[in-house]
Amino acid sequence: MVDTQFPSQWISCSLGEVLELKYGKSLPAKSRDGGEYPVYGSNGVVGGHSEPLVHSSGIVVGRKGSFGEVQLSKTAFFPIDTTYYVDDFYSQPVDYWFNQLRFLPLNQLNRSTAIPGLNRDDAYNQIIALPPLAEQKAIAQKLATLLAQVEATKARLDRIPDMLKRFRQSVLAAAVSGKLTEEWRGKSASVSYEEYEEWKWPPVPADWNVKLYPNVVDSRLGKMLDKTKNTGVPTKYIGNINVRWFHFDLVKMQEILISESEKEELSLRAGDVLICEGGEPGRCAVWNVKSDSPIVFQKALHRARVKNEILPFWLAINLKNDANNLTLNQLFTGTTIKHLTGKALKKYPLRIPAIEEQSQIVEQVESLFAHADSIGEQVRLAQERVNTLTQSILAKAFRGDLTAEWRAVNSELISGDHSAEALLAKIRLERVTLKKQLKPKGEMSKKKKGKKMSDHIIKVVEALKLAGEPLSGQQLLAAAGYAGDSSTEQLEHYFLDIRDALLLEKSIVRIKRDENGEDWFSLAEAISR
């Protein structure tokens, strides 16, 4: 719906009076030859083809699936049959209408209960404020500048999460090599452990030890809990879907009935490290969740309880670092689906600094990660603001705020023959003229079953004149000479005729919708009397 506040030099009209949404054409994936012209589906480019359907730049609007999504093609293109396209702009700037269409709530106009879709009439009925042609060009130029700045800002913000990811990886690498605590420890000799050469470790401080996982960790794999039991103690449990790197997602935690012995056997306690056996093998977090009742763990999770020589988070740091640099992969079993079994974990070597140094490392890692998290949250909030900024700019553009000063000094370009009224009249005339030029001579081409359009087809306005009374959509279809089993092309011709009579010629009106949801039509002059 158009903003009620817009410049006096603009006029209100429907989208269908200004643009025509044409149907794309079927082009199955197997028929696309990968040529230079982009093939557009409802959500963007889906391939290439050597022959375009549209030989100019234009706009693509999603019709099915991602309905209402708007794409701009600056070259010739091929829109497939899940889309509408616009290629006639009547000398108006394409960029202006691209932004106008994506500002309209086209993706909220779904009627279908099965496959989401945009009905063309619903789009045509959208009311817009139409500026004069010269002001459209001025708005398009201002939007190009402002939206380019927004996109540049968005691109910079979008790069920061990857930068933070690399920062965290470098922190972990420094932690497990001893570099993070060099100043605390005082630089000392480094040593490489030839026995574990396949792990590709950088040299670590000479006073660090290396021990295998089972020597410093009591570990057990969870078991499959019986979800069919109808007796037992209601107990919440977590699976590997709840375990993220260094934290838990407990939103989808489920409950199950288990025996007291199972609850005792599988309960978690503070400091337990939960390690994913499948999914993303090795992903882990330290359990420090406070709960009023015991929580147990499911199959596909290892519960690791560290001994006195290492801290829980030190184990998690090692696992994450070795997952980052892929050295942990050599423990995985399986070809398609990877697993980290208890047997494999027994072969996992862990670097062991003194507990005091582990504490220093853990403290620094947590501090640096908290700093990165804080930056990440600031970036997320900034991204939200930038994402709303585009719509805010478009709203200002289409209520005339961006060009207020321009109008004040260019009144001669938006009045008289250059006014919005004159532009709309010109568009109407050009569309009627173009339709007459494209009107087929003789028989219509065959469609589907090869039926031809009847020789007795008449315009809907003529059918209403002959009827002398309002007609329902189905009655008007028959009165205009269309058969009950009309082809898709014939029905499209009928609906285009109604659209033109309603919006362009204004010779008929839609007067009501009956209890069956069917529209009724009457001659406009009959209503005016």
Side-chain angles (χ1 to χ4, degrees), residues 165-220 243 245-247 270-276 280-288 302-332 340-372:
K165 180 180 178 181
R166 291 194 296 272
F167 169 75
R168 292 186 181 94
Q169 290 175 344
S170 67
V171 168
L172 294 175
V176 299
S177 65
K179 290 183 179 179
L180 203 60
T181 43
E182 275 183 346
E183 292 186 9
W184 175 87
R185 184 180 59 252
K187 289 191 176 181
S188 60
S190 297
V191 62
S192 296
Y193 293 96
E194 295 181 3
E195 183 180 353
Y196 301 103
E197 192 173 294
E198 70 274 17
W199 286 84
K200 300 179 181 178
W201 284 343
V204 296
D207 56 349
W208 286 22
N209 294 317
V210 174
K211 294 187 177 182
L212 290 174
Y213 177 86
N215 294 330
V216 291
V217 176
D218 287 327
S219 184
R220 68 151 295 166
V243 180
W245 278 114
F246 299 149
H247 73 279
D272 284 347
V273 183
L274 291 171
I275 306 169
C276 291
E280 184 184 355
R283 189 175 67 225
C284 64
V286 180
W287 184 259
N288 284 311
H302 298 279
R303 182 187 63 192
R305 285 178 175 165
V306 300
K307 299 179 182 178
N308 294 333
E309 292 180 76
I310 66 171
L311 300 174
F313 195 52
W314 176 250
L315 172 59
I317 286 173
N318 277 264
L319 284 165
K320 177 57 173 169
N321 179 75
D322 293 339
N324 287 344
N325 60 32
L326 305 182
T327 56
L328 194 65
N329 291 19
Q330 60 195 296
L331 295 179
F332 297 166
L340 179 60
T341 65
K343 182 178 180 180
L345 271 174
K346 290 180 179 180
K347 302 176 183 177
Y348 180 41
L350 287 164
R351 293 143 286 204
I352 313 292
I355 283 291
E356 294 79 10
E357 187 166 358
Q358 289 182 43
S359 297
Q360 285 293 322
I361 293 171
V362 165
E363 182 179 338
Q364 290 193 46
V365 169
E366 289 179 333
S367 175
L368 291 169
F369 274 25
H371 181 60

Check: Considering residues at least two apart in sequence or located in another chain, which fulfil the side chain to side chain donor-acceptor pair (under 3.5 Å) criterion with S219?
Finding: Y213
Note to self: Once side chain to side chain donor-acceptor pair (under 3.5 Å) is applied, do any residues pair with N325, and if so which ones, sequence neighbours excluded?
What the structure shows: T327
Next item on the list: Go through L368 and F167 one step at a time and tell me if the side chain to side chain contact (heavy atoms under 4.5 Å, CB included) criterion holds.
Entry: CA-CA 9 Å; L368 291 169; F167 169 75; 4.1 Å; yes
Next item on the list: Provide the closest heavy-atom pair for V286 versus A316 in the form atom of the first, atom of the second, distance.
Entry: CG2-CB, 4.4 Å
Check: Hey, what do you get for CD (E356) to OG1 (T181), rounding to the nearest 0.5 Å?
Finding: 12.0 Å
Margin query: Please enumerate all residues that pass ring-ring contact (aromatic ring centres under 6.0 Å, His included) together with Y193, with sequence neighbours excluded.
Written below: none
Note to self: What's the separation between atom CD in Q358 and atom CD1 in I352, rounded to the nearest 0.5 Å?
What the structure shows: 6.0 Å
Note to self: Counting neighbours of NZ on K165 that are heavy atoms of other residues, nucleotides or ligands and sit closer than 6.0 Å, is the number greater than 12?
What the structure shows: no
Note to self: Under the criterion side chain to side chain contact (heavy atoms under 4.5 Å, CB included), I'd like the reasoning laid out for V217 against I310: C-alpha separation, chi angles, the key distance, then a yes or no.
What the structure shows: CA-CA 9 Å; V217 176; I310 66 171; 4.0 Å; yes
Next item on the list: Would you mind reporting whether P353 and W314 have side-chain heavy atoms less than 4.5 Å apart?
Entry: yes
Next item on the list: Answer whether the closest heavy-atom distance between the side chains of V306 and L311 falls below 4.5 Å.
Entry: no
Item checked: Derivation of the side chain to side chain contact (heavy atoms under 4.5 Å, CB included) call for N318 and N321 -> CA-CA 5 Å; N318 277 264; N321 179 75; 5.9 Å; no
Note to self: Can you tell me which residue among I275, V273, D272 is in a side-chain contact (heavy atoms from CB on, under 4.5 Å) with H302?
What the structure shows: I275
Checklist line | Shortest non-hydrogen contact from N288 toward A270 | finding: OD1-CB, 3.9 Å
Next item on the list: Name all residues meeting the salt bridge (charged side-chain N to carboxylate O under 4.0 Å, His left out) criterion together with R168; count only those two or more places apart in sequence or in a different chain, and write none if there are none.
Entry: D373
Notebook entry, point to check: Residues two or more places apart in sequence or in another chain: which of them pass side chain to side chain contact (heavy atoms under 4.5 Å, CB included) with A206?
Noted result: A189, V191
Checklist line | Partner residues of E280 under the side chain to side chain donor-acceptor pair (under 3.5 Å) criterion, sequence neighbours left out | finding: W245, R283
Note to self: Once rounded to the nearest 0.5 Å, what's the spacing between atom CH2 of W184 and atom CD1 of I361?
What the structure shows: 8.5 Å
Notebook entry, point to check: Checking side chain to side chain contact (heavy atoms under 4.5 Å, CB included) for the pair Y348/L340: CA distance, chi angles, key distance, verdict?
Noted result: CA-CA 11 Å; Y348 180 41; L340 179 60; over 6 Å; no
Next item on the list: Kindly compute the distance separating CG (L319) from CG (L350), expressed to the nearest 0.5 Å.
Entry: 7.0 Å
Next item on the list: Can you see which heavy atom on C276 is nearest to which on V243, and at what distance?
Entry: SG-CB, 4.0 Å
Notebook entry, point to check: Which pairs count as ring pair (Phe, Tyr, Trp, His ring centres under 6.0 Å) when at least one residue sits in residues 351-372, sequence neighbours excluded?
Noted result: F246-F369
Notebook entry, point to check: Who pairs with P202 by side chain to side chain contact (heavy atoms under 4.5 Å, CB included), at least two apart in sequence or on another chain?
Noted result: S177
Check: Any idea which heavy atoms bring K347 and L212 closest together, and the distance?
Finding: O-CD2, 3.7 Å
Margin query: Please check this pair: side chain of S359 against backbone of I355, looking for a donor-acceptor N/O pair closer than 3.5 Å.
Written below: yes
Check: Tell me the side-chain hydrogen bond (donor to acceptor under 3.5 Å, both in side chains) pairs involving residues 196-212, sequence neighbours left out?
Finding: W208-E357, K211-E309
Item checked: N324: partners by side chain to side chain donor-acceptor pair (under 3.5 Å), with sequence neighbours left out -> K320
Checklist line | Pairwise distance NZ(K179) to OG(S190) - rounded to 0.5 angstrom | finding: 9.0 Å
Margin query: I'd like to check the salt bridge (charged side-chain N to carboxylate O under 4.0 Å, His left out) partners of E366; sequence neighbours left out, ordered by chain and number.
Written below: none
Next item on the list: Just jot down the salt bridge (charged side-chain N to carboxylate O under 4.0 Å, His left out) partners of R166, sequence neighbours excluded, or say none.
Entry: none
